[in-house]
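The figures here come from the full heavy-atom set of this structure, side chains too, leaving out hydrogens, waters and symmetry mates.
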Amino acid sequence: MSVVTVRIPDTMDDALRDAAADAPSLNAYIVQAVRRQMTLDAARKLAALGRPLDLDGEGDAL
């Protein structure tokens, strides 16, 4: 497991807490968002190489 530090600007605090209202915790919501972004970033890099992508189960499409 890797440690990731995410700094959230104070101006985003209320909006982020509102968005995470249905999540088990704010931390869980942020971890899910970071995982999705990392998956999309990796997928974009693979797409640039012309390899087929399988994002099944991540809930996002490229």
Side-chain angles (χ1 to χ4, degrees):
M1 182 181 292
S2 297
V3 175
V4 175
T5 300
V6 179
R7 296 189 185 272
I8 308 295
D10 291 338
T11 56
M12 291 181 60
D13 188 59
D14 290 337
L16 187 57
R17 289 185 188 279
D18 290 344
D22 293 332
S25 70
L26 180 60
N27 189 58
Y29 181 83
I30 292 170
V31 168
Q32 181 182 25
V34 169
R35 280 190 67 236
R36 283 186 173 180
Q37 188 59 52
M38 290 170 57
T39 299
L40 289 173
D41 289 347
R44 286 186 183 105
K45 288 179 183 180
L46 286 174
L49 298 174
R51 296 181 182 161
L53 301 175
D54 180 11
L55 299 178
D56 186 34
E58 287 300 322
D60 293 304
L62 184 62

Step-by-step salt bridge (charged side-chain N to carboxylate O under 4.0 Å, His left out) determination, Asp13 to Arg17: CA-CA 6 Å; Asp13 188 59; Arg17 289 185 188 279; 3.2 Å; yes
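In this structure, Thr39 OG1 and Arg44 CZ are separated by 11.0 Å, a value rounded to the nearest 0.5 Å.
For Met12 against Ile8, the heavy-atom pair with the smallest separation is CB-CG2, 4.1 Å.
There is no path of hydrophobic side-chain contacts, each under 4.5 Å, that joins Val31 to Leu16.
No side-chain heavy atom of Asp22 sits less than 4.5 Å from a side-chain heavy atom of Tyr29.
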